[in-house]
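All values below come from the heavy atoms of this structure, side chains included, with hydrogens, waters and symmetry mates left out. Start at 1 and go down the list; that is how both ligands and their atoms are numbered.
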Amino acid sequence: MAAYDNLDRPFLAGEWRKGTGDTLTNLCPWDESTIFEMPGATPADVDEAFEAAAEAQKEWAKLPPSARAAKMHAIADIIEARKDEIAGWIVREVGGTKLKAALELMLVTQVVRTEAASLPFMAEGAILPEDLPGKESRTYRRPVGVVALVSPWNFPLQLTARTLFPALALGNGVVVKPSSDSIVTGGTIFAAIAEEAELPPGLVAVLPGSGKAIGDAVVQHPIGSVVSFTGSTPVGRKVGQAALKSDKLKSLELELGGNSPIVVLDDADVDYAVEASVWGKFIHQGQICMIANRIVVEDKIYDEFAEKFVARTKKLVVGQREDPACMVGPVINRDQLDKVMELIGKSGATKALGGEADGLVIPPHVFTDVAEDDALVANEIFGPVAPIQRARDEEHALKLANATEMGLSSSVFSRDEGRALRFARQVQAGMTHINDQTVNDSPFSPFGGAKNSGIGRFNGRWAVEAFTATHWISVQHEKRQFPFSADDVPG
Ligand code: NAD
């Protein structure tokens, strides 16, 4: 099986095209070398891609559920067969560690084989109670048509896959705009997989290009029915506003930034909470939307937790590209490094662990006694930096947990599950995990945020809601008496 060799160009209308737009440079974060340069897609390509997807979608939607499910299994087979090739791209293109690549591939395989292959059988309608004599009310579900998908660079394989395959499985076409930092792993690798799986030509298009060059064209295209965007809150706001300005009304799925807390209550198993928190803070060097941005610990166990957290963090393998146990690799690019270093510079907290960056690898940092308004807790860090906040008591811990405009993930540790559940139910977030860290995704559980972390949910029945439209069809089985006078209206 030869490796894919055409991943440096747009794919649309069933063909690989030479881009004619602005030049994009694909850099490897491990050594900042250039992987390739390519001209990106243009608004004219966007037009053609949507037209072709809409055409291909008509026949695709008519296939029986088992035929679409079979294609999802074929895609999962391809992903499994090309596991090493894809993992190699995750390491090279987004600076993933081997551990991150393995985890991302596991999640994507679940999305395709477990979730997407089941979805064609989950698009159920209903027969509804009806008061009118002789009338039957039914609901049918149909695909929305073509989905516009815009994805970020941090977990690009998973964050593209979790819209792409469910939307396809439910009978839609998809036009993908990956981030320019993950052209292959968020984009063109999926075009190659779709081609190899012999999906109908045109059904999937992948258009690398900057947000400035083609963002509005993708988001506002009159054929697109749903915009599925994953990325930062500021860009998500802009995308939402642009979509609403389109001549065609669209529904929005916005999965945005996070500032997720781990809360460790005073009756927690401290050693376990430390182990989980170190993982949930430093995996992929902190560049995950649902990463533990901050850790809130009750005063009674604070010093013990902080000391053990620093000791455990010191044992992490850092900056070793080939080591399967490497936990912390490079951040995505220089801009990101500068942003993280700036936040570190602004912090007034006590630095318990730090060090100099080597290339784009920032060694794990730990800060203790972090104030409520410290730069490290007020912002999404997206880097390997752990601020640990001291909470006076449980009430204060809850106040600190909720002191953010974001509300993506969260977690709480306690030996008393009842106490943890009462706490969890007061956390203003889309997801809260008891006795686990914040990074969790599961193919049939609702993934999404509250507050400014977004609108909409992924996975399972929530994907059916997102990527199908409900059609109410009523049948009047016998002639109705129409009320032509107010006196004839019942009630
Ligand atoms: P970003 O918002 O900078 O970019 C995301 C995507 O939007 C990219 O493809 C980018 O090219 C595109 N884009 C930029 N301007 C656009 C425009 N005007 N119109 C259309 N598209 C445009 O985000 P990023 O830096 O790639 O990713 C990191 C951010 O994503 C973090 O804030 C992180 O929390 C968030 N994120 C959220 C989730 C989630 O599920 N909630 C998951 C992963 C990442």
Side-chain angles (χ1 to χ4, degrees), residues 21-22 24 40-41 43 46 93-94 104 107 111 148-163 175-183 185-187 206-221 224 227-246 250 252-260 283-293 331-333 335-336 339-340 379-383 404-410 429-431 438-441 446-459 462 466:
D22 297 344
L24 306 172
V46 175
E93 188 181 56
V94 294
E104 194 167 2
L107 286 172
V111 164
L149 159 53
V150 180
S151 60
W153 51 261
N154 62 319
F155 242 74
L157 199 75
Q158 158 74 348
L159 300 176
T160 301
R162 72 178 181 181
T163 287
V175 174
V176 183
K177 193 209 87 58
S179 161
S180 303
D181 286 309
S182 53
I183 292 168
T185 47
V206 176
L207 305 174
S210 67
K212 200 167 152 219
I214 60 167
D216 281 353
V218 170
V219 165
Q220 298 184 319
H221 199 278
V227 174
S228 179
F229 172 89
T230 303
S232 62
T233 296
V235 176
R237 267 187 222 281
K238 270 198 225 155
V239 163
Q241 284 159 2
L244 293 174
K245 280 190 206 142
S246 160
K250 295 159 191 290
L252 289 171
E253 299 288 321
L254 301 176
E255 294 292 335
L256 309 178
N259 183 351
S260 305
I283 185 76
H284 197 36
Q285 36 285 13
Q287 301 171 119
I288 302 181
C289 54
M290 51 183 155
I291 205 81
N293 197 54
V331 295
I332 188 74
N333 54 33
D335 282 353
Q336 190 62 24
K339 274 187 210 156
V340 175
N379 296 282
E380 185 182 32
I381 306 168
F382 240 53
T404 164
E405 57 154 334
M406 302 301 181
L408 191 58
S409 189
S410 50
M431 305 176 281
T438 51
V439 181
N440 277 280
D441 195 357
F447 184 105
K451 302 203 275 190
N452 282 338
S453 287
I455 46 176
R457 292 291 181 272
F458 284 102
N459 299 339
W462 293 273

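Shown in contact with Phe447 at under 4.0 Å from a heavy atom are these atoms of ligand 1, numbered in order with element: 40 (O). Close contacts of ligand 1 with Ser179, meaning ligand atoms under 4.0 Å from a residue heavy atom, involve 8 (C), 9 (O). Close approach of ligand 1 to Arg162 (heavy-atom distance below 4.0 Å) involves ligand atoms 39 (C), 40 (O). Below 4.0 Å from some heavy atom of Pro178 lie the following atoms of ligand 1, by number and element: 9 (O). Taking every heavy atom of Glu255 and a limit of under 4.0 angstrom, the matching atoms of ligand 1 come to 37 (C), 38 (C), 39 (C), 40 (O), 41 (N).
Under the 4.0 Å distance rule, the nearest protein heavy atom to atom 27 (O) of ligand 1 falls inside the cut-off.
With distances taken over non-hydrogen atoms, the option nearest atom 24 (P) of ligand 1 out of Trp153, Phe155, Phe229, Phe382 is Trp153. The closest heavy-atom contact to atom 35 (C) of ligand 1, among the options Gly257, Gly231, Gly211, comes from Gly231.
For a threshold of 3.5 Å applied to N or O pairs, the pair formed by Lys212 and ligand 1 contains no separation below that value. Not a single N or O atom of Thr233, backbone or side chain, sits closer than 3.5 Å to an N or O atom of ligand 1.
The side-chain contact (heavy atoms from CB on, under 4.5 Å) search around Leu24 returns Met38, Ser180, Ile183, Pro208, not counting sequence neighbours.
No hydrogens or angles considered: a donor-acceptor pair under 3.5 Å links the side chains of Thr160 and Ser151.
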